[in-house]
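The structure appears right after this line, and notes come after that.
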Amino acid sequence: MKAIMLMFDSLNRRLLPNYGCDWTHTPNFRRLGERTATFDRCFVGSMPCMPARRELHTGRYNFLHRCWGPVEPYDDSMPEMLKNAGVYTHLVTDHAHYWEDGGATFHERYSSFEFVRGQEGDAYLGQIKDPYMPPSVEMPGSMGGRNLSKYTREDWVNRAQIHEEEDFPIAKTFNKGLAFMERNADQDNWFLQIETFDPHEPFHSPQKYKDYYKEMDNYHGLHFDWPPYTQVTQTPEEVQHCRYEYAALLSMCDEYLGRFLDKMDELDLWKDTLLIVNTDHGFLLGEHGWWAKCVSPFYNEVAHIPMFIWDPRSKVQGERRNSLVQNIDMAPTLLSYFGLEPTVDMMGHDLAKTVASDTPVRDACLFGIHGGHVNVTDGRYVYMKGWVEGGEQYNYNYTLVPMHIRTRFSVEELRQAKLVDGFSFTKGCPVLKVPGTGTGSKPKNRETLLFDLQDDPEELRPIQNEAIEKRMTSLMVDLMKANDAPEEQYDRLGLR
């Protein structure tokens with residue numbers, strides 16, 4: 001038996017034809033839907049990138065206990081469990097966060113791995129001279145290194161190395177993944193994770209993909225393909241242009257998805273290979289007056305994500321599934337596929353029966369970011385619980401690997417750390433309890449919101465309904481208890 005997980009980053013559900021979009025050039029996503037079960041109610045768990053990937057490994061939420069960080073020593077890692085059971089596991093990725101402090105323990109969980117460098121601000125080329133950067137909307141007047149952040153500078157160093165389409169990191173990543181498939185098509189008992197950073201920002205793509213939208217995109221302004229993580233202050237023309245830049249990169253993703261599907265056909269892998277195509281989260285392209293994805297509350301553009309699964313045992317294709325699922329279900333699904341039992345600490349579920357017959361696996365699910373809103377949905381309603389006045393004081397990181405995204409925890413942070421008893425999933429290990437500032441919250445925005453997705457899928461009209469709010473609160477508390485949430489989380493959210 002074989003399995004492949006093909007993962008995109010920041011894949012926006014609303015721009016895919018599988019979910020009703022009619023203007024993006026994405027024929028291979030349509031083709032993918034014809035070969036798989038398409039999930040209509042898949043939601044994020046922990047935001048953003050590496051918290052979501054920790055969930056892929058562990059089958060449980062990250063955001064209730066810590067911010068962005070590595071796989072912990074007490075974590076059950078699905079790829080490592082497969083590796084230890086004799087299943088060969090291989091990671092191919094251009095996702096630069098894997099080789100930063102906050103992701104440094106993920107790749108060694110696999111039997112082998114390949115990294116492709118050069119995405120976003122990946123600092124891999126040693127160049128002292130500042131790169132050329134055109135005047136840009138996001139950095140007006142930027143030239144010759146003026147006003148450049150470190151990561152923007154590195155991005156333009158990296159872009160200067162790209163001359164042909166095959167030089168793009170996504171092309172290299174897929175080529176390495178397809179090469180693994182070719183080398184091992186006649187072998188058994190392997191799991192391949194092909195993971196591309198695209199269509200994550202910056203939305204850099206070859207001209208041929210931009211040409212799909214040239215008749216729609218009548219833009220003559222400054223360069224703009226890297227939106228800031230802020231409120232929208234750009235002109236409507238600039239906002240629309242940036243959306244087309246995202247669409248162009250999405251079309252490039254579609255092209256390489258097509259090459260992947262061609263290889264599945266060529267090698268006849270459909271007969272014995274489980275295929276999962278997923279993402280970590282979506283992306284705000286100006287909706288709700290915001291860019292990007294790290295600002296809570298998390299609206300559907302970010303939280304409601306695409307998911308496609310082909311299971312060679314049930315052979316379901318071209319059908320839709322309405323069951324409520326999340327990425328925490330990936331670890332149990334893959335372990336069970338290879339005949340292994342998920343651990344007792346995994347809160348996700350095997351989706352084999354869901355793929356086969358839409359068998360539900362949960363009534364509700366949580367999602368959020370550490371220190372932001374805690375959200376719960378039953379698929380019909382979304383309840384976004386903000387924190388109480390002064391609730392920031394109840395926010396802590398629990399960890400034995402004190403790392404942030406690109407830095408270690410500071411000495412100042414660690415001076416306040418205490419070694420405390422662990423949780424049900426830490427296997428008897430004590431953990432560091434470190435005060436955390438939290439992430440992902442708008443200034444002064446901790447409003448609690450309730451939406452009816454059936455009547456208001458755009459989440460534009462919050463509703464007031466005491467009975468529904470009471471039921472959603474009960475679901476939230478039950479799920480927090482099941483996940484052994486820290487006691488102070490209940491104080492932070494006013495749930496006592």
Side-chain angles (χ1 to χ4, degrees), residues 8-16 19-21 23-24 26 42-52 63 68 97 120 136-138 151 197-205 213 217 219 224-250 253 278-307 326-327 367-375 377 382 384 386 405 438-447 449 451 453 456-462:
F8 297 90
D9 194 295
S10 305
L11 185 61
N12 196 318
R13 180 183 189 272
R14 296 189 176 198
L15 294 189
L16 297 179
Y19 297 98
C21 185
W23 63 270
T24 56
T26 47
C42 183
F43 282 81
V44 299
S46 299
M47 290 287 299
C49 302
M50 298 318 290
F63 77 98
W68 183 302
H97 294 310
E120 198 188 33
S136 303
V137 170
E138 61 267 41
Y151 303 106
F197 196 57
D198 291 325
H200 191 288
E201 79 282 354
F203 308 138
H204 181 211
S205 65
Y213 307 97
D217 189 15
Y219 178 73
F224 187 30
D225 65 7
W226 194 342
Y229 283 40
T230 62
Q231 286 180 294
V232 173
T233 59
Q234 294 75 18
T235 67
E237 293 76 17
E238 290 166 345
V239 171
Q240 188 58 59
H241 171 68
C242 197
R243 288 173 177 164
Y244 287 131
E245 292 282 56
Y246 177 94
L249 185 53
L250 178 62
C253 292
N278 62 345
T279 189
D280 47 3
H281 48 71
F283 199 86
L284 282 167
L285 291 164
E287 300 90 348
H288 304 281
W290 282 84
W291 292 109
K293 80 268 181 169
C294 282
V295 176
S296 64
F298 292 126
Y299 295 103
N300 266 351
E301 289 84 357
V302 173
H304 197 183
I305 57 176
M307 171 86 79
Q326 295 187 282
N327 275 333
F367 60 93
I369 194 169
H370 188 252
H373 286 66
V374 173
N375 311 276
T377 183
V382 172
M384 303 173 171
I405 300 176
T439 56
S441 55
K442 303 176 192 175
K444 300 182 181 178
N445 187 353
R446 50 185 175 80
E447 182 181 7
L449 300 168
F451 292 99
L453 299 184
D456 180 25
E458 306 294 326
E459 294 176 317
L460 299 175
R461 303 183 301 277

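The shortest non-hydrogen separation linking P457 to N300 is O-ND2, 3.2 Å. In this structure, F451 and Y299 approach most closely via the heavy-atom pair CZ-CE2, 4.0 Å. When all heavy atoms are compared, the tightest approach of L460 to D456 is N-OD2, 2.9 Å. Across all their heavy atoms, A292 and V302 have their closest contact at O-CG2, 3.8 Å. Listed here is the closest heavy atom pair of H373 and E447: NE2-O, 2.7 Å. The minimum heavy-atom distance linking Y246 with S10 is given by the pair OH-O, 2.7 Å.
By the 4.5 Å heavy-atom criterion applied to side chains, D225 and L249 are not counted as neighbours. The shortest side-chain heavy-atom distance between I305 and R13 does not fall under the 4.5 Å cut-off. Two residues are said to be in side-chain contact when any heavy atoms from C-beta on lie closer than 4.5 Å; Y213 and W23 meet this criterion. Side-chain contact check for D280 versus M47: every heavy-atom pair is 4.5 Å or farther apart. Side-chain contact between C49 and D9 is present, with at least one heavy-atom pair separated by less than 4.5 Å. Using a 4.5 Å heavy-atom threshold, the side chains of K293 and H200 count as touching. At a threshold of 4.5 Å between non-hydrogen side-chain atoms, the residues N327 and N278 count as touching. Annotation: side chain of H304 is in contact with side chain of F43 (closest heavy-atom distance under 4.5 Å).
Rounding to the nearest 0.5 angstrom, the gap separating the CZ atom in F298 from the CD1 atom in I369 is 4.0 Å. Note that OG of S296 is 10.5 Å distant from CZ of F63, once rounded to the nearest 0.5 Å. Rounded to the nearest 0.5 Å, atoms CG (L11) and CE (M307) are 11.5 Å apart. With rounding to the nearest 0.5 Å, the separation of CZ in F8 from OG1 in T279 is 8.5 Å.
Checked against the 6.0 Å centroid threshold, F224 and H241 do not count as a close aromatic pair.
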* Mind running side chain to side chain contact (heavy atoms under 4.5 Å, CB included) on E245 and H204 for me, showing each step along the way? => CA-CA 7 Å; E245 292 282 56; H204 181 211; over 6 Å; no
* Derivation of the side chain to side chain contact (heavy atoms under 4.5 Å, CB included) call for F203 and L250 -> CA-CA 9 Å; F203 308 138; L250 178 62; over 6 Å; no
* Could you walk me through whether R14 and E287 pass the side chain to side chain contact (heavy atoms under 4.5 Å, CB included) test, one step at a time? => CA-CA 12 Å; R14 296 189 176 198; E287 300 90 348; 5.9 Å; no
* In sequence, state the C-alpha distance, the side-chain angles, and the governing distance for Y229 and E201, and then conclude on side chain to side chain contact (heavy atoms under 4.5 Å, CB included). => CA-CA 11 Å; Y229 283 40; E201 79 282 354; 2.3 Å; yes
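With Q326 contributing its side chain and V44 its backbone, the two residues share a donor-acceptor pair below 3.5 Å. Not a single donor-acceptor pair under 3.5 Å links the side chain of T26 to the backbone N or O of L16. Proximity of a side-chain donor or acceptor of T24 to a complementary backbone N or O of A247 within less than 3.5 Å is not detected.
The side-chain contact (heavy atoms from CB on, under 4.5 Å) check on V239 picks up V232, Q234, R243, W291, with sequence neighbours excluded.
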